[in-house]
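Numbers here are sequence positions counted from 1.
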Amino acid sequence: MTMASPAIALLNGDRRRRAHRYKIVIAILILMLAAAFALTLSLGQSFTPPRDVIRVLLGEDVPGASFTVGQLRLPRAVLSVLAGLSFGLGGAAFQIMLRNPLASPDIIGISWGASAAAVFAIVVLSLSGPAVSIFAVVAGLGVALMIYALSFRNGVAGTRLILVGIGVSAMLESFIAYTLSRAPAWSLQEAMRWLTGSVNGARLDQTLPLFLALVAFGGLLLSRARDLEALRLGDETAAALGVGVAATRIIIIVSAVGVIATATAVTGPIAFVAFLSGPIAARIVGNSGSLLVPSALVGATLVLIGDYCGQFLLPGRYPVGVVTGALGAPYLIFLLIRINRAGGSL
């Protein structure tokens, strides 16, 4: 018993160090997100002093600032944060569950499923507002379950699911292109938003369904964080640890699709945020703890900074999806090259 004590003490000490490092990383990510949020509220085409920003947030009527901050910048910033949290959280859940950095909603077709439904609802059914969101969420979930079913054979291999998802994505992209080719001019511009991803024209009332989805589905994902970490070790190991593998997978898929599809319905598919957030968080966190919360914070920061860069730091004005797409595409190429050099395959 006494011989084992030093080993136990060493193990406990290592756990405490990792937990402490994890808390520090989370605190730093929160501070970075808060700083980016404050920047977007204060600095744009004109500068609003932080004191006036705070007064507006407290409900005071500040000439000039009430419109600039309260009507323009605040809804845009809040929507960016909520969308980034959703994409980062949902993307990391898929990547962890399938143990593959390519298993992102952008790659395997889930975002395209929600986008196709939104485009169909706008162009063909002439729907708008919450009806489009409901349509997109249901379609995103349906596409996710279809991909899961098509790739299931004595379990679900991440590589097989990715290949099936890529095929489904191609079909959905063709459907979107066909629908847009027949769209009347008045609905074409609105429909195109789903292909670029944008927070232009954001309103605070748009944030409510996204917030509710994040609380409900995001909370369910976080409650399954330990089971999700067990799945990283393989299905057999997770089952040996007492995890109900099949039920856990279904819960994670439904929850991740819920947050991603809702975000897509509100902002469009902001490219590569779900794909990039998990790997960036993994580099920062290491093996200190679950990647779900760090990935969500990274996603929110990416969307906030990407939207700000697209509006003010680049020649011309670009939707945030264009900026994040420009960041994500080179990383995807780099990842494919690294997999190939390591002797892996898709």
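- The shortest distance between side-chain heavy atoms of Ile253 and Phe94 falls below 4.5 Å.
- Among all heavy-atom pairs drawn from Val323 and Gly306, the shortest one is CG2-O, 3.6 Å.
- Crowding of Arg182 atom CZ: a count of heavy atoms from other residues, nucleotides or ligands under 6.0 Å not exceeding 12.
- Considering OG1 of Thr48 and CD1 of Ile54, their distance stands at 12.5 Å, rounded to 0.5 Å.
- Both Leu276 and Val285 are assigned to one and the same hydrophobic cluster, defined by single-linkage of ILVMFWY side chains at heavy-atom distances under 4.5 Å.
- Side-chain contact between Met32 and Ile28 is present, with heavy atoms from C-beta onward closer than 4.5 Å.
- Here the shortest heavy-atom pairing between Leu41 and Val69 reads O-CG2, 3.7 Å.
- The nearest pair of heavy atoms linking Ala282 to Leu291 is CA-CD2, 3.7 Å.
- Judged by distance alone, the side chain of Ser181 and the main-chain N or O of Tyr178 form a donor-acceptor pair under 3.5 Å.
- A donor-acceptor pair under 3.5 Å is absent between the side-chain atoms of Ser80 and the main chain of Leu304, judged by distance alone.
- Across all non-hydrogen atoms, the minimal contact from Leu231 to Arg99 is O-NH1, 2.9 Å.
- Side-chain atoms of Arg55 do not come within 3.5 Å of backbone N or O of Glu60 as any donor-acceptor pair.
- Donor-acceptor pairing under 3.5 Å is lacking for the side chains of Arg224 and Ser255.
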- [ ] Output, in order, the C-alpha distance, side-chain angles, deciding distance and verdict of side-chain contact (heavy atoms from CB on, under 4.5 Å) for Leu214 and Thr262.
- [x] CA-CA 9 Å; Leu214 194 57; Thr262 306; over 6 Å; no
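- Atom CZ of Phe312 is surrounded by more than 12 heavy atoms from other residues, nucleotides or ligands within 6.0 Å.
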TODO: May I have the step-by-step check of side-chain contact (heavy atoms from CB on, under 4.5 Å) for Tyr308 and Val320, ending in yes or no?
DONE: CA-CA 8 Å; Tyr308 187 84; Val320 60; over 6 Å; no
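- Side-chain contact check for Val123 versus Pro184: some heavy-atom pair is nearer than 4.5 Å.
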Task: Trace of the side-chain contact (heavy atoms from CB on, under 4.5 Å) decision for Leu210 with Ser86 - done: CA-CA 8 Å; Leu210 189 48; Ser86 299; 3.5 Å; yes
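- Ring orientation note: the planes of Phe120 and Phe135 are close to parallel, at an angle under 30° on the 30°/60° scale.
- Atom-to-atom distance recorded for Tyr148:OH and Leu98:CG is 9.0 Å, nearest 0.5 angstrom.
- Shown here for Ser111 and Ile260, the closest heavy-atom pair between the two residues is OG-CG2, 3.9 Å.
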Open item on the list: One pair to check against side-chain contact (heavy atoms from CB on, under 4.5 Å): Arg73 and Thr40. What are the steps and the verdict?
Closed with: CA-CA 7 Å; Arg73 296 177 185 172; Thr40 60; over 6 Å; no
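- A donor-acceptor contact shorter than 3.5 Å is absent between the side chain of Ser66 and the backbone of Pro63.
- Using a 4.0 Å cut-off between charged side-chain N and carboxylate O, Glu229 and Arg226 make no salt bridge.
- Judged purely by atom type and a 3.5 angstrom limit, Ser174 uses its side chain to pair as donor or acceptor with the backbone of Ala170.
- Judged purely by atom type and a 3.5 angstrom limit, Ser223 uses its side chain to pair as donor or acceptor with the backbone of Leu220.
- A single hydrophobic cluster is not seen to contain both Phe67 and Val56; linkage of ILVMFWY side chains at heavy-atom distances under 4.5 Å, directly or through other members, places them apart.
- In this structure Ser104 satisfies the side chain to side chain donor-acceptor pair (under 3.5 Å) test together with Asp106, sequence neighbours excluded.
- Shown here for Val259 and Phe217, the closest heavy-atom pair between the two residues is CG1-CB, 3.5 Å.
- Two residues are said to be in side-chain contact when any heavy atoms from C-beta on lie closer than 4.5 Å; Val143 and Leu172 meet this criterion.
- Grouping the Ile, Leu, Val, Met, Phe, Trp and Tyr side chains by contacts below 4.5 angstrom, directly or via other members, places Leu39 apart from Val78.
- The line from CG of Leu85 to CG of Leu33 is 7.0 Å long, rounded to the nearest 0.5 Å.
- Linking Ile, Leu, Val, Met, Phe, Trp and Tyr residues whenever their side-chain heavy atoms come within less than 4.5 Å places Val303 and Phe211 in a single cluster.
- For the pair Phe87/Thr264, a side-chain contact is recorded, criterion being any heavy-atom separation below 4.5 Å from C-beta on.
- Two residues are said to be in side-chain contact when any heavy atoms from C-beta on lie closer than 4.5 Å; Leu74 and Leu57 meet this criterion.
- A donor-acceptor contact closer than 3.5 angstrom links the side chains of Arg76 and Asn200.
- Taking the side chain as every heavy atom from C-beta outward, Tyr22 and Arg18 never approach each other to under 4.5 Å.
- Atom CD1 of Ile251 is separated from atom CG of Leu228 by 11.5 Å, given to the nearest 0.5 angstrom.
- Screening Ile26, Ile284, Val25 against Leu297 for a side-chain contact (heavy atoms from CB on, under 4.5 Å) leaves a single residue, Ile26.
- Checking side-chain atoms of Gln95 against main-chain N and O of Pro101 turns up a donor-acceptor pair under 3.5 Å.
- Within the 4.5 Å cutoff, the side chain of Tyr318 has no heavy atoms near those of the Gln311 side chain.
- With rounding to the nearest 0.5 angstrom, the CG atom of Leu204 is 7.5 Å from the CD atom of Gln71.
- Between the side chain of Gln206 and the backbone N or O of Leu79 there is no donor-acceptor pair closer than 3.5 Å.
- Leu145 and Val245 fall within a single hydrophobic cluster, where Ile, Leu, Val, Met, Phe, Trp and Tyr side chains are chained together by heavy-atom contacts under 4.5 Å.
- The CD1 atom of Ile280 sits 9.0 Å away from atom OG of Ser295, with the distance rounded to the nearest 0.5 Å.
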